[in-house]
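So you know, we letter chains A, B, ... as the sequences are listed, proteins then strands, and number each from 1. This one's a predicted model, so the numbers in the text were calculated from it and none came from an experiment.
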Number of protein chains: 2
Amino acid sequence: MARRGDTIELAVLGLLHEGPMHGYELRKRLNLMLGWGRVLSYGSLYPALKKMLRANLITEVATTTTPTSRRPRIVYEVTDAGHEQFHRLMSEVGPTAWEDDNFDIRFAFFSSTDMEIRLRVLEGRRSRLQERLARVQAELERTQAEVDRYAGELQRHGVESVEREVRWLSDLIRAERGDDPPTAPPSAASPSITRHEQASPSN
Amino acid sequence: MARRGDTIELAVLGLLHEGPMHGYELRKRLNLMLGWGRVLSYGSLYPALKKMLRANLITEVATTTTPTSRRPRIVYEVTDAGHEQFHRLMSEVGPTAWEDDNFDIRFAFFSSTDMEIRLRVLEGRRSRLQERLARVQAELERTQAEVDRYAGELQRHGVESVEREVRWLSDLIRAERGDDPPTAPPSAASPSITRHEQASPSN
DNA sequence: AATTTCATGTAATTCGTTACATGATTCC
DNA sequence: GGAATCATGTAACGAATTACATGAAATT
């Protein structure tokens, strides 16, 4: 089962899925990709790579060759076992916390999976968000007038944000079920997958 | 300076600001308050309380008596030094990461501070979000057409969410400077009443 | 000439969780 | 009588950060 810390592993496997890469570049790509969260440090990345080597998920690709005798970079490649592990981590339904924490990473690598998995991940997240929403709203109702002004405003904003994300997910799910060819329409940049104007409740 | 782990400390001090409380209740309140993130475990809370006791930020309030000789609960109260520390943590401008991680907690305790601090915290967060926004958008422009379909959609949604939060913060800042209630647009629950006096034991 | 970026790594530390241990009390 | 909740704690472990250490190549 996926442990809390398989996050880096998933990210590395996902990136190497695109092609061989060395540590430094992996870090750069990762920090751009997850521009929002924290940056990944070398102290996390390199040990993780070593661990993955030992676990035979990745292999070193000989990289002596450099134009002007540059410092030898260690280029990694994903193994068959690594591919397997990648797909396992992408599709696994395990402890909620892990799936929530890694939703963004999974989403970012959606192109490397098939629709079945994508739908499962999207729907899984949506239902967890809805569940949380229900809990919080029940709580809000219970403690109605008693809440502090600012705490209440925070709660309100949180609910709204989650509701927005639920709508976003619903749009994505609809798009995924509708037209979906993996060979996407060539315009990848500006046009978003869908637009949402008003709340279509839940489903 | 505030360290990463002063999060629990801030939360505990903030709650005890409302009145004395024991560990179990602190945990419950905290888990409701931060309904979104992870739940706080006893393994974090109790050691933290001990540490704060040693640091003289809180004191035990004798709690011998209970109706039917219940297990003695250890009720804590914030000291003068604790009050000081609370205000320091609420207003501190330090490493960005800490302030971002603890924005919600700070916000939730806004009623216990004054407007000057509130404005500083709100504006600080807004400017950090705007900075991040600028960086990401510059990055989006640089790698224009090259992005993956899903990675791009994720980026887009992220940008939109942050823009929404910036607007939210701007509304709050305006309300704070003017004198309107933070809930300017008629959207959610009833006008909240700012009352938090009673230290109701959950017994 | 100096600084930034490239490139890889290790050691110490911090923060927090899970699992374990214990026992009283209230609700059904 | 049994389950859930109240109530406090400890030990082992996990994941990731910071700081340290090193050095070459490219840029200004």
Selected nucleotide, minimal atom distance to [X] side chain, candidates [options]:
| X | options | answer |
| --- | --- | --- |
| A:R3 | D:dA15, C:dT17, D:dA7 | D:dA15 |
| B:S41 | C:dT18, C:dA7, D:dA7 | C:dT18 |
| A:S44 | D:dT17, D:dG9, C:dG9 | D:dT17 |
| A:T7 | C:dT10, D:dA16, C:dG9 | D:dA16 |
| B:L40 | D:dA7, D:dC6, C:dT17 | C:dT17 |
| A:Y24 | C:dC6, C:dG16, C:dG9 | C:dC6 |

Whole-Å distance between [N] [atom2] and [X] [atom1]?
| X | N | atom1 | atom2 | result |
| --- | --- | --- | --- | --- |
| A:K50 | C:dA11 | NZ | C1' | 14 Å |
| A:L49 | C:dA7 | CG | C1' | 13 Å |
| B:I8 | C:dG16 | CD1 | C1' | 7 Å |
| B:K51 | D:dT8 | NZ | P | 19 Å |
| A:D100 | C:dT17 | CG | C1' | 17 Å |
| B:E60 | D:dA7 | CD | P | 16 Å |
| A:Y46 | D:dT22 | OH | P | 17 Å |
| B:L45 | D:dG9 | CG | P | 10 Å |

Item to check | B:R132/B:D100 salt bridge by N-O under 4.0 Å criterion | outcome: yes
Checklist entry - Between A:E165 and A:R125, is there a side-chain N and carboxylate O pair less than 4.0 Å apart? => result yes
Checklist entry - With a non-hydrogen cut-off below 4.0 angstrom, is B:G5 in contact with a base, only sugar-phosphate, or nothing? => result sugar-phosphate
Next on the checklist: Using a heavy-atom cut-off of 4.0 Å across all strands, would you classify B:G23 as base, sugar-phosphate, or nothing?
Outcome noted: sugar-phosphate
Checklist entry - Parallel under 30°, tilted from 30 to 60°, perpendicular over 60°: which one fits the rings of A:F103 and A:F107? => result tilted
Item to check | Non-hydrogen atoms of B:S41 and B:R27 that approach each other most closely | outcome: CA-NH1, 3.9 Å
Checklist entry - Taking the nucleotide of DNA chain C with the closest heavy atom to each, which residue, A:Y42 or A:R4, is nearer the 5' end? => result A:Y42
Item to check | Centroid-centroid distance, B:H17 to B:F109, less than 6.0 Å | outcome: no
